[in-house]
Amino acid sequence: MVRTVTGPQLAALIGDRSETGGPAYARVAAAIRRLVLDGRLPLETRLPGERDLAAALGVSRTTVTAAYDELRGGGYAVSRRGSGTRTALPPSRTNGSAGGAGPAWMPWTADGSDLLDLAHAAPEAPAQVRRAYDAALEQLPRHLPGSGYHLFGLPELRAAVADRLTARGLPTLPEQVLVTSGAQHAFTLVLQLVTGPGDRVLVEQPTYPNALDAIGRHGATAVPVALTDDGWDLAAVAAAVGQTAPRMAYLMPDFHNPTGLLATEAERRDLGAVLTRSRTLTVVDETLVELALDGPVPPPLATYLPDDLTVTVGSASKTLWGGLRVGWARASTALIRRLAAVRACVDMGSAVVEQLATAELLGGLDATLPARRAELRTHRDALVAALAERLPTWRARVPAGGLVLWCDLGGPVSSRLVVAAERHGIRLAAGPRFGVDGAFERRLRLPYTHPPDVLGPAVDALEQAFRTVTADGGAAAEPIDAVA
Ligand SMILES: Cc1ncc(COP(=O)(O)O)c(C=O)c1O
């Protein structure tokens, strides 16, 4: 199905163009480019006819013609005879494949781009990963006589995940684990199993953008419950559950992405009580749980929830390496069987070598983690110090774990900063990507996955970019993008 946007819809998305200088056509082009970069105008969307957009914006048709020309010249639009003008990304942002297929900040634009990627929060692999692959290859001959298909996951990996969860205070049997291709995969299996068009899914606001995209793709509607500066608003969660009867809830109590918040034991108990009372199926995303930098983590949220209504999803991606593409779902044995049946419709299991390597790595996690955490702590502190020096008006709580700072920029300039930062060699994810309704234009998520010698110059570049967007008083200006 071809996505289209009408003239009035695009005009509403563009909103006020007065904050950027230059000729009218350049301002229109810049606004559309920002919408594409921010993922609010999906790739391959057919843009309105020039006449329609001109009428909706109250500009001349020549202005729109010139704006589309500029977008085409920069690779942000492609025209094909008979199918109009569609949004696109330049080849350098799509790793060589014109067009691309998802939000502009997705990982496939990271490799091969000459921009420093601060849009993603994914650390490089520790040395143990290479060694684990060597060990996995040594074990591989034992597996070659078999079929290589393990729908639920390799037994040794299911056991390693179960052991880790048990050690963290959530008693788990290997039969309660389904190995997946990452936490996001596990979450989408749950969505596929339990949600249908029109169902509501309770989410924290802000939340993890790919989860929001997945909810939308399944025809479900995200019901946002705002986090406070300090944590979870239990009354708001209870009210949202009572008023909207969500089909499920998706929560990140452990170094929540993007805020970095860690739910206290009392918050977990209270969240558990609300969700248990309402019999709401809850997905607990523990992707970042092992990255505690400043102290212990309370017991898993699942310990406060009924086993038959809870799916805990986890991942090797941040603790170890995203390239393993290994995650898992943990639930009751019956629910795991149903999730595996859903998975079988899509694929038949994960790669054996990666599972062997991950089992090896999970077994040695207690030896690997201290150095990983120490390194991240150094990176986090370096980023906090650089921001304090170069961008002292920005505010961010220092998170006790995870991979990111959730910065308050002091004004609604996040999307503009994303565009300006590119000219300074930095790729960012704008705050609105993390909100249900385009909120968080004042916010920017900054990862501290890079070392200090990269983060320092990056903050210098950010400071220059920030200066260009605030030169006209933008940090105190009106919101720049009305979202239709
Ligand atoms: C909270 C959260 N959930 C899920 C994911 C996806 O992880 P995976 O690579 O395991 O699919 C991420 C990755 O950034 C994340 O931050």
Side-chain angles (χ1 to χ4, degrees), residues 15-21 30-31 33-35 37-40 103-105 115-121 204-209 226-230 256-261 380 382-399 402-450 455-483:
D16 178 14
R17 305 180 303 288
S18 59
E19 86 286 346
T20 48
R33 183 166 168 267
R34 195 163 63 222
L35 291 169
L37 282 171
D38 206 26
R40 275 174 292 167
W105 69 293
L115 300 177
L116 173 66
D117 183 5
L118 296 185
H120 302 101
E204 292 133 342
Q205 166 93 321
T207 189
Y208 176 53
L227 291 169
T228 70
D229 285 344
D230 303 317
H256 173 270
N257 183 2
T259 63
L261 286 165
R380 178 196 63 184
L383 180 59
V384 169
L387 288 173
E389 190 190 327
R390 303 302 305 263
L391 287 156
T393 59
W394 291 17
R395 296 275 169 266
R397 260 184 70 261
V398 179
L403 297 169
V404 299
L405 295 186
W406 182 233
C407 302
D408 184 337
L409 307 178
V413 294
S414 190
S415 298
R416 266 194 285 161
L417 181 60
V418 170
V419 175
E422 248 186 59
R423 290 195 287 271
H424 293 269
I426 309 270
R427 188 143 170 278
L428 300 169
R433 279 294 290 137
F434 300 84
V436 168
D437 51 9
F440 305 115
E441 190 55 80
R442 296 171 63 97
R443 295 283 190 161
L444 182 72
R445 191 191 75 166
L446 278 186
Y448 43 81
T449 43
H450 296 281
L455 288 172
V459 171
D460 290 349
L462 275 181
E463 193 256 335
Q464 289 170 30
F466 187 62
R467 221 176 314 140
T468 66
V469 300
T470 52
D472 56 356
E478 290 301 301
I480 55 169
D481 284 312
V483 175

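For T259, the side-chain hydrogen bond (donor to acceptor under 3.5 Å, both in side chains) criterion is met by H256, not counting sequence neighbours. Residues satisfying the side chain to side chain contact (heavy atoms under 4.5 Å, CB included) criterion with A386, sequence neighbours excluded, are V459. Here A461 pairs with H424, I426 under the side chain to side chain contact (heavy atoms under 4.5 Å, CB included) rule; sequence neighbours left out. Residues passing the side chain to side chain contact (heavy atoms under 4.5 Å, CB included) test with R423 are V419, A420, sequence neighbours excluded. Every residue meeting the side-chain hydrogen bond (donor to acceptor under 3.5 Å, both in side chains) condition with D460, not counting sequence neighbours, appears here in chain and number order: R390. Among residues two or more places apart in sequence or in another chain, the salt bridge (charged side-chain N to carboxylate O under 4.0 Å, His left out) test is passed with D230 by none.
With rounding to the nearest 0.5 angstrom, the CD atom of E389 is 9.5 Å from the CD atom of E463. The distance from atom CG of L455 to atom CG of L387, rounded to the nearest 0.5 Å, is 9.0 Å. Rounding to the nearest 0.5 Å places CZ of R442 at 8.0 Å from CG of L409. Once rounded to the nearest 0.5 Å, the distance linking OG1 of T449 with CZ of R380 reads 14.0 Å.
Counting only heavy atoms from C-beta outward, the side chains of W406 and L227 never approach each other to under 4.5 Å. Between L444 and W394 the shortest side-chain heavy-atom distance falls below 4.5 Å. E204 has its side chain out of reach of L261: every pair of non-hydrogen atoms, C-beta onward, lies at least 4.5 Å apart. Proximity of V384 to Y448: side-chain heavy atoms (C-beta onward) are nowhere separated by under 4.5 Å. Residues S415 and E441 form a side-chain contact, since some pair of their non-hydrogen atoms from C-beta on lies under 4.5 Å apart. Within the 4.5 Å cutoff, the side chain of F440 has no heavy atoms near those of the R433 side chain. Considering only heavy atoms from C-beta on, R443 stays 4.5 Å or farther from F434 through its side chain. For the pair L428/L462, a side-chain contact is recorded, criterion being any heavy-atom separation below 4.5 Å from C-beta on.
Closest approach of S414 to G431, counting heavy atoms only: OG-N, 2.9 Å. Counting all heavy atoms, side chain and backbone alike, L118 lies closest to P447 at O-CD, 3.1 Å. Here the shortest heavy-atom pairing between L405 and P399 reads CD2-CD, 3.4 Å. Residues D229 and R397 approach most closely at O-CD, 3.3 Å, considering heavy atoms.
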